[in-house]
Amino acid sequence: MEKQKLKLQSIIETVEQIAEVIAMVLGIEVTIIDQKGERLYVTGSYKDSIEPYVSLDSVFSEVLEGKKDQAVTDKLQSMTCRECSYREKGLELAHLCAPITLDGEILGLISLIAFDDDQRQRLVDNQEAYRKFIEKMANFLESKMMEVLSKHRISIQKIQLEAILNGVDEGIISVDAKGEILFINENAETLLGKSEEWLKGRSLSKVFLHFERIEKALKEITYQKNKTRPLISKPLAAKNGKDTRFFLGNYNPVRREGTDIGGILSFRPYKDVYQMAQEVHREEAFVGFDSIIGESQALGETVKIAKVAAKQNSTVLIQGESGTGKEMFAKAIHLASPRREQNFVPINCGSIPEALLESELFGYEAGAFTDASKKGKEGKFLKAHEGTIFLDEIGDMPMNLQVKLLRFLEDGVIEPLGSTKPKHVQVRVIAATNQNLEELMKRKLFREDLFYRLNVVPVTIPPLRERKEDIEILAEVFLRRYEERFEKEAKHLSPEAKKALIAYSWPGNVRELENCMEYALNVSKSRVIYKEDLQQRVLGWEVKNEEDEIVEPLEILEEKMIKKALARCTSIKEAAKLLGIGQATIYRKMKKYDIS
């Protein structure tokens, strides 16, 4: 047992002090003996002439073996002393002993020793008082041993804990209530490129860029039954010289009796998280809201609303410009909802010809129309049963299908083409558009009643130009992604390149920024991406004053853009792709503006 290995020798200084205190107070000499019979200390002038080990048949041995708690002996009358092999050598005339124990195990004893008749008599006359006194001294030594044992156990636990934390492949940092670093594992030192000496005592806001925003968010965390809800997988950035390193991290506040006493931060490189997800399955690389990168307040508010929407079953309408990540938000809402284990079925309402869109959405029965499959076809709504259907580009849905969609939203019933039997389907609907639906309603191109059915929980994604603070972190994330994908050396952006990226308006939003970083990674010839490595449209863009711009009606601008795209492209399909709209949509627009 651990306590048996612990010896009185480990507190030898305290042993010596206690022996001298007892001798000084009582005027009688003292010896302290360990469990093996070795005298650790003897007071007075006899310490050099007394035997270093006690006899195995002595009174001391009886106490150490637990046969007696204490003993007053007279060398002339004691049966034990008469039979002791050290009888002739021994100088002691009498003893009074008290065992020293720890958790019921005897670790040694304290004994008063009379070396002359006067001491012997006082020992016999004051036996009870002296016994209580040395028992208290024995208890003090026991408490000191318990303290040493506790420190020993804590030391072992600390070594074991550090070994465990140094063995994990994540960076681990613990902080106190002030946010100052108490412990950092070896992997965290490596990831940050900083030494333990440099990191200890610093606050997390001095190590990670903009960490104070995460600290602010922590104040909104709710606590239930003294358990904390961690702030999961937040993007982190840290400077190391000229380089900026990006991570995904979890921060768990630690509370005791309702009070914050610190926290634990675990983190790993963003590219490692991305790579692990890719190795599981390409489609599973998206991990919900944690994959939506950005620290801006505008994006944070949108995410907050989307997370609230995820917990409900209401219809959601996501609005935002092309490239802002509407489908990403739709997937995140689905993955955070009670329907997460069921299908997420997306369909782009603007990319499918009007004649086929109805059968894609609602399915059809065998022989419903010419060239129809003999087995019929299951529509997207049926595939999404008990899950989520994502209707992208809802603004391009033809009016006749808007009526069918409205009916479904009202009664949960679909009618496949050629069927006479309605089918009840349990599906949550998330719709998205980059168009102004209210403007379309004024032009009688979108049903007002359908708009209000869809717009139960509106989620508006801010364009990239309205969240400039996210541009740099997104750019670095995309660089790490394509470095890994194309097995290229790590590169970082020059200050001038960063300024150019921030100054640009990003009409294509996050999607355009991702393409820009892929382009820059391919054309750059050094480990630094300079301003000149960026695409020309980023470099040539200038901010214009609104007063200098000529404002034209949207329909005139739309007609001009369609004509310009058709003139530049070799096919209508290519023109639709350039404009970011579906092929069916461009046909309708051409018909509207009488473009041949």
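Along the sequence shown, residues are numbered consecutively beginning with 1. Heavy atoms only: backbone and side chains are in, while hydrogens, waters and symmetry mates are out.
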Regarding [X] and [Y], is there a side-chain donor-to-acceptor distance under 3.5 Å anywhere?
X: Asp396; Y: Thr585; value: yes
X: Gln319; Y: Asn434; value: no
X: Glu393; Y: Asn348; value: yes

Atom OH of Tyr593 with >12 non-hydrogen neighbours under 6.0 angstrom: yes
Check: Leu521 main-chain N/O paired with Lys491 side-chain donor or acceptor under 3.5 Å: no
Arg443/Glu439 under salt bridge (Lys or Arg N to Asp or Glu O under 4.0 Å): CA gap, chis, key distance, verdict: CA-CA 7 Å; Arg443 294 163 52 194; Glu439 182 63 32; 5.2 Å; no
Approximate separation, where rounding is to 0.5 Å, of Leu464 CG and Ser296 OG: 9.0 Å
Straight-line distance of Lys380 NZ to Ile347 CD1, nearest 0.5 Å: 5.5 Å
Can you confirm whether [X] sits close enough to [Y] that some side-chain heavy atom of one is under 4.5 Å from a side-chain heavy atom of the other?
X: Leu391; Y: Leu405; answer: yes
X: Ile333; Y: Arg428; answer: yes
X: Thr315; Y: Val457; answer: no
X: Phe289; Y: Leu335; answer: no
X: Leu534; Y: Cys516; answer: yes

Aromatic plane relationship, Phe362 with Phe381 - under 30° parallel, 30 to 60° tilted, over 60° perpendicular: parallel
Do you know which two heavy atoms are closest between [X] and [Y], and how far apart they sit?
X: Arg447; Y: Asp449; value: NH2-OD2, 2.8 Å
X: Leu299; Y: Arg467; value: CD2-NH1, 3.4 Å
X: Glu558; Y: Lys592; value: OE1-NZ, 4.4 Å

Is any side-chain N of the basic residue among [X] and [Y] closer than 4.0 Å to the acidic one's carboxylate O?
X: Glu472; Y: Lys498; answer: yes
X: Lys442; Y: Glu438; answer: no
X: Lys563; Y: Glu559; answer: yes
X: Arg481; Y: Glu514; answer: yes
X: Glu415; Y: Arg407; answer: yes

Centroid-centroid distance, Phe446 to Phe451, less than 6.0 Å: no
Pi-cation contact, Phe390 with Lys331 (under 6.0 Å, within 45°): no
Matching residue for Tyr504 among Lys499, Glu512, Arg465, Lys468 - test: side-chain hydrogen bond (donor to acceptor under 3.5 Å, both in side chains): Glu512
